[in-house]
Chemist: 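I have a structure I would like to understand better, so I am pasting it below and will then ask my questions one at a time.
Here, residue 1 is the first one in the sequence, and each next residue gets the next number. This one's a predicted model, so the numbers in the text were calculated from it and none came from an experiment.
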Amino acid sequence: MLLTPGIIIRPITSIASSPILMGIELVEAADLVVDDDIVWMRTIAGRVKVDVIYRRIDDDYLDPLVFRPDSALGVPGLIAAYAAGNVAIMNAPGNGIADDKAIYSYMPDIVKFYSGGECKLRNVETWRCREPQALKYVLDNLEDVVVKLVDGSGGYGMLVGPTASKQEIENFRAALIAEPHRYIAQPTLALSTVPTMADGGLSPRHVDFRPFVLTGSKGVKVVPGGLTRVALKEGSLVVNSSQGGGTKDSFVLMADQTQRMRPGGMTQTMGGMSQSLSAQTDGAA
């Protein structure tokens, strides 16, 4: 099931549609109860045992008995049930360290340490602002770089130097000097653009592509397709939906792929996995 804080989450529309597409339940904390270290979902037909949870609630609010006692978004006793092995939390507490933008800068070293080899995909150059030399460089080049909070997400708490105002740059300069350990910086990337229907007709908008890689008992698989995000604001490089971004259909063409058309869309098959692509658009394509 998908555990959310309710309508306060953004973007609630896409979050709400995910369980429908996956065939799972969409719940809030009030829908769940923990009894004897077992998680149950309340339904009109009685309690139903919960085995797996994917959460969209931050660690601090997940369980008021363990984390923030004033949290009304979490489920009391959830961590005890998780520790007892009675429920699996797919994105377990603490796994956000993998999203830490400072950790990202160490990935080439981490890959080399564990595999003995080099990364096949190069990292974007990243300056850790807690390091004096890196901080000096970033402060001298704020107009040209992108500055991000190491624990930020959703496009919040970041500066895109080339499109920022002088006041925004000076505000970030003060923040960097006060708390340099909270920030990293990267060069401004030249994102690809795709034609997008805007108020004045078709015009270019910046996009990025997020592939999905699954790891399991049978090894590592790259899922056909992925998530293409688009910055709907003219000139913007921020594709996050919380900042007004949208999505586009993704098509991946490979030599060992077969395709077949069907009414309303297309089915792609690759490496034993299939996905169906709807002919509908989200209005941004």
Chemist: Please check: side-chain N/O of E168 versus main-chain N/O of S165, any donor-acceptor pairing under 3.5 Å?
Modeler: yes

Chemist: Following the transitive rule for hydrophobic clusters with a side-chain heavy-atom cut-off under 4.5 Å over Ile, Leu, Val, Met, Phe, Trp and Tyr, establish whether V34 and V27 coincide in one cluster.
Modeler: yes

Chemist: Are L2 and T4 close enough that some pair of their side-chain heavy atoms sits under 4.5 Å apart?
Modeler: yes

Chemist: Is a side-chain donor or acceptor of D36 paired with a backbone partner of I38 at a separation under 3.5 angstrom?
Modeler: no

Chemist: What is the distance from atom CD1 of I53 to atom CG of L32, rounded to the nearest 0.5 Å?
Modeler: 5.5 Å

Chemist: Does any part of the side chain of N171, heavy atoms only, come nearer than 4.5 Å to the side chain of L159, both counted from C-beta?
Modeler: no

Chemist: Of all the heavy-atom pairs spanning Y104 and V124, show the shortest one and how long it is.
Modeler: OH-N, 2.9 Å

Chemist: Determine, stepwise, if the pair T43 / R47 fulfils side chain to side chain contact (heavy atoms under 4.5 Å, CB included).
Modeler: CA-CA 6 Å; T43 76; R47 290 182 175 183; over 6 Å; no

Chemist: Closest approach of G74 and A29, non-hydrogen atoms and distance?
Modeler: O-CB, 3.1 Å

Chemist: Can you list, pair by pair, the side-chain donor-acceptor contacts under 3.5 Å of residues 186-194, counting residues two or more places apart and other chains?
Modeler:
from	atom 1	to	atom 2	distance (Å)
Q186	OE1	K148	NZ	3.2
Q186	NE2	T126	OG1	3.2
T188	OG1	D144	O	2.9

Chemist: With the side chain counted from C-beta on, respond yes when K112 and E118 share a heavy-atom pair under 4.5 Å apart, and no when they do not.
Modeler: yes

Chemist: Indicate, with yes or no, if I79 and V75 share a hydrophobic cluster defined by side-chain heavy-atom contacts under 4.5 Å among Ile, Leu, Val, Met, Phe, Trp and Tyr.
Modeler: yes

Chemist: Report the residue from D37, V39, V50, D51 that forms a side chain to side chain contact (heavy atoms under 4.5 Å, CB included) with N86.
Modeler: D37

Chemist: Under the ring pair (Phe, Tyr, Trp, His ring centres under 6.0 Å) rule, collect the residues that match up with W40, sequence neighbours excluded.
Modeler: none

Chemist: Report yes or no: does R55 contribute a side-chain atom to a donor-acceptor pair with the main-chain N or O of A92 at less than 3.5 Å?
Modeler: yes

Chemist: Below 4.5 Å, heavy atoms only, C-beta onward: do V230 and T196 meet side chain to side chain?
Modeler: yes

Chemist: Before giving the answer on side chain to side chain contact (heavy atoms under 4.5 Å, CB included), spell out for K101 and L149 the whole-Å C-alpha distance, their side-chain angles and the decisive distance to 0.1 Å.
Modeler: CA-CA 8 Å; K101 294 174 178 60; L149 284 166; over 6 Å; no

Chemist: Do Y183 and V146 sit in one hydrophobic cluster, given that two such residues count as connected whenever their side-chain heavy atoms are within less than 4.5 Å of each other, even indirectly?
Modeler: no

Chemist: Has T163 got a side-chain atom pairing as donor or acceptor with V160's backbone, closer than 3.5 angstrom?
Modeler: yes

Chemist: Taking the side chain as every heavy atom from C-beta outward, state whether Y61 and D58 have any pair of such atoms under 4.5 Å apart.
Modeler: yes

Chemist: Please find the pair of heavy atoms, one from V52 and one from V87, that lie closest to each other, and give the distance.
Modeler: N-CG2, 4.3 Å

Chemist: NE2 of H206 to CG of L232: how many Å apart, nearest 0.5 Å?
Modeler: 13.0 Å

Chemist: CD of E234: more than 12 outside heavy atoms within 6.0 angstrom?
Modeler: no

Chemist: How many angstroms lie between CE in M1 and CD in E25, if you round to the nearest 0.5 Å?
Modeler: 6.0 Å

Chemist: Sub-3.5 Å donor-acceptor pair from the side chain of D31 to the main-chain atoms of M41, do we have one?
Modeler: no

Chemist: Any idea which heavy atoms bring P108 and C119 closest together, and the distance?
Modeler: CA-SG, 3.6 Å

Chemist: Distance check, rounded to the nearest 0.5 Å: T228 atom OG1 versus D249 atom CG?
Modeler: 8.5 Å

Chemist: Is any side-chain heavy atom of L176 closer than 4.5 Å to one of V147?
Modeler: yes

Chemist: Linking I/L/V/M/F/W/Y whenever their side-chain heavy atoms sit closer than 4.5 Å, directly or via other members, would L73 and V66 fall into one cluster?
Modeler: yes

Chemist: Verify whether one side chain among R128 and S105 offers a donor that lies under 3.5 Å from an acceptor in the other.
Modeler: yes

Chemist: Report the C-alpha separation of R173 and L142 in whole Å, then their side-chain angles, then the decisive distance to 0.1 Å, and conclude whether the side chain to side chain contact (heavy atoms under 4.5 Å, CB included) test is met.
Modeler: CA-CA 8 Å; R173 188 185 305 279; L142 274 178; 3.7 Å; yes

Chemist: Once rounded to the nearest 0.5 Å, what's the spacing between atom CZ of F67 and atom CD1 of I57?
Modeler: 12.0 Å

Chemist: Do D208 and R229 meet the salt-bridge criterion of a basic N to acidic O distance under 4.0 Å?
Modeler: yes

Chemist: Would Y82 end up clustered with V48 when hydrophobic side chains under 4.5 Å apart are linked, directly or stepwise?
Modeler: yes

Chemist: Side chains of I97 and I103: does their closest heavy-atom pair fall under 4.5 Å?
Modeler: yes

Chemist: Take atom NZ in K49; do more than 12 heavy atoms of anything else shown fall under 6.0 Å from it?
Modeler: yes

Chemist: Tell me whether N141 contacts the main-chain N or O of V138 through its side chain, where contact means a donor paired with an acceptor under 3.5 Å.
Modeler: no

Chemist: For the residue pair L65 and G77, what are the closest heavy atoms and their distance?
Modeler: CD1-N, 3.5 Å

Chemist: Start with the C-alpha gap between L214 and V222, add the side-chain angles, then the distance that decides, and say whether side chain to side chain contact (heavy atoms under 4.5 Å, CB included) holds.
Modeler: CA-CA 6 Å; L214 305 180; V222 179; over 6 Å; no

Chemist: Are any of the side-chain heavy atoms of N91 and Y54 separated by less than 4.5 Å?
Modeler: yes

Chemist: Would you give the length of the straight line joining atom CG of L139 to atom CD1 of I169, rounded to the nearest 0.5 angstrom?
Modeler: 12.0 Å

Chemist: Locate the shortest heavy-atom distance separating P76 from D63; write the atom from each residue and the value.
Modeler: CA-OD1, 3.5 Å

